[in-house]
Protein chains: 2
Amino acid sequence: MVEATGGGDTCCPGLLTAPLDEEQAVDLARVFKALGDPVRLRLLSMIASKAGGEVCVCDLTPAFDLSQPTISHHLKLLRQAGLIDCERRGTWVYYRLLPETTDRLAGLLTRPAGTPLPDRRVRAGAVS
Amino acid sequence: MVEATGGGDTCCPGLLTAPLDEEQAVDLARVFKALGDPVRLRLLSMIASKAGGEVCVCDLTPAFDLSQPTISHHLKLLRQAGLIDCERRGTWVYYRLLPETTDRLAGLLTRPAGTPLPDRRVRAGAVS
DNA sequence: ATGTTGCATCGACGGACATCAATACAACCG
DNA sequence: CGGTTGTATTGATGTCCGTCGATGCAACAT
């Protein structure tokens, strides 16, 4: 499940151009929350940067000082967020990136070309 | 503290092209964690999408069913993540987006142009 | 069948986090 | 000066989350 709001799409408007309504915010927060952990970020980058597009769990687990159940738990969260998918092949399970989701995030964080850098006027009141 | 990118830079390599080392992961996770809450996402989008580039706290608070200290707390987390900045002008405090940070995130999530969509072939067991 | 290996789920525990009421601080106004 | 309004901080509380050991399930091997 998770699958962006059935029909809400939220394709382009962008996080930075119009206020999010609460439903969109809840949905998006789930994905960002999945990225809000160092272990999951490293897992994602290991999966995404792998040449063949796939990584076996048995190659991921030994890269961390964590128990196997913990890694499995993090992979589950990344999968539930729609960031990765997995496929069992014989004894082994292979994970791969779902680029549509990272593409969507990148789009949401990219401001439309025209947006001017906010006048950057005084930096005076820098709160210590 | 926190102070986005103390000295770690992590400028370009991209989350999806090479495995993150742990220090980079910890640093990045702090930012994504700040985005991993619906209230903070809505606050950020309200601030970022505001015409003048600035929003007064007094315009943000009434948009939520939350206490004023709670909103203030969320704004503090967004600021510590380097996503927004604030400036006091008279009685009021104005928040504005720090676009460098969202730009950095968008860049990290954007795959280098050449990256082929992982052959998407069959969704079944199809394997060599 | 029995054993073995790879991965997922379960139950528990400690620390982190979102929230609030109360309070403190800052700037204005009489 | 004291009073009022806007915002931040403090302290407490309930819930969520990361982690583990133990266990379960799937796919091979013998």
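Every chain is numbered from 1, with letters handed out A, B, ... down the list of sequences.
Applying the 4.0 Å criterion to OP1 and OP2 of D/dA8, one finds that B/Tyr95 has a side-chain N or O inside that range. Phosphate contact (OP1/OP2 of C/dT19, side-chain N/O of B/His74, threshold under 4.0 Å): present. Contact between the side-chain N/O atoms of B/Lys33 and the OP1/OP2 oxygens of C/dA16 is not found at any separation under 4.0 Å.
A salt bridge is defined here as a Lys NZ or Arg NE, NH1 or NH2 lying under 4.0 Å from an Asp or Glu carboxylate O, and A/Asp103 with B/Arg111 meets this definition.
Residue A/Leu77 is not grouped with residue A/Leu75 when hydrophobic side chains (ILVMFWY) are merged at heavy-atom distances under 4.5 angstrom, including chains of intermediate members. Cluster membership for A/Val93 and A/Leu83, using ILVMFWY side-chain heavy atoms within less than 4.5 angstrom, is shared.
For the pair B/Arg79 and B/Tyr95, the cation-pi criterion (under 6.0 Å, within 45° of the ring axis) is not fulfilled. Cation-pi contact between B/Arg88 and B/Tyr94: absent, since separation from the ring centre below 6.0 Å together with deviation from the ring axis within 45° is not met.
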Please produce a list of atom pairs where a protein N or O lies less than 3.5 Å from an N or O of nucleotides 11-15 of chain C.
none

With 3.5 Å as the limit, what N/O pairs link the protein to nucleotides 20-27 of chain C?
residue: C/dC20; atom: OP2; partner: B/Ser67; partner atom: N; Å: 2.8
residue: C/dC20; atom: OP2; partner: B/Ser67; partner atom: OG; Å: 2.9
residue: C/dC20; atom: OP2; partner: B/Thr70; partner atom: OG1; Å: 2.8

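Counting non-hydrogen atoms under 4.0 angstrom, A/Leu77 reaches the backbone sugars and phosphates but no base.
As rounded to whole Å, 16 Å separates atom C1' of D/dT7 from atom CD of B/Glu54.
For the pair B/Asp27 and B/Glu23, the minimum side-chain heavy-atom distance is 4.5 Å or more.
Note that OG1 of A/Thr101 is 11.0 Å distant from CG of A/Leu78, once rounded to the nearest 0.5 Å.
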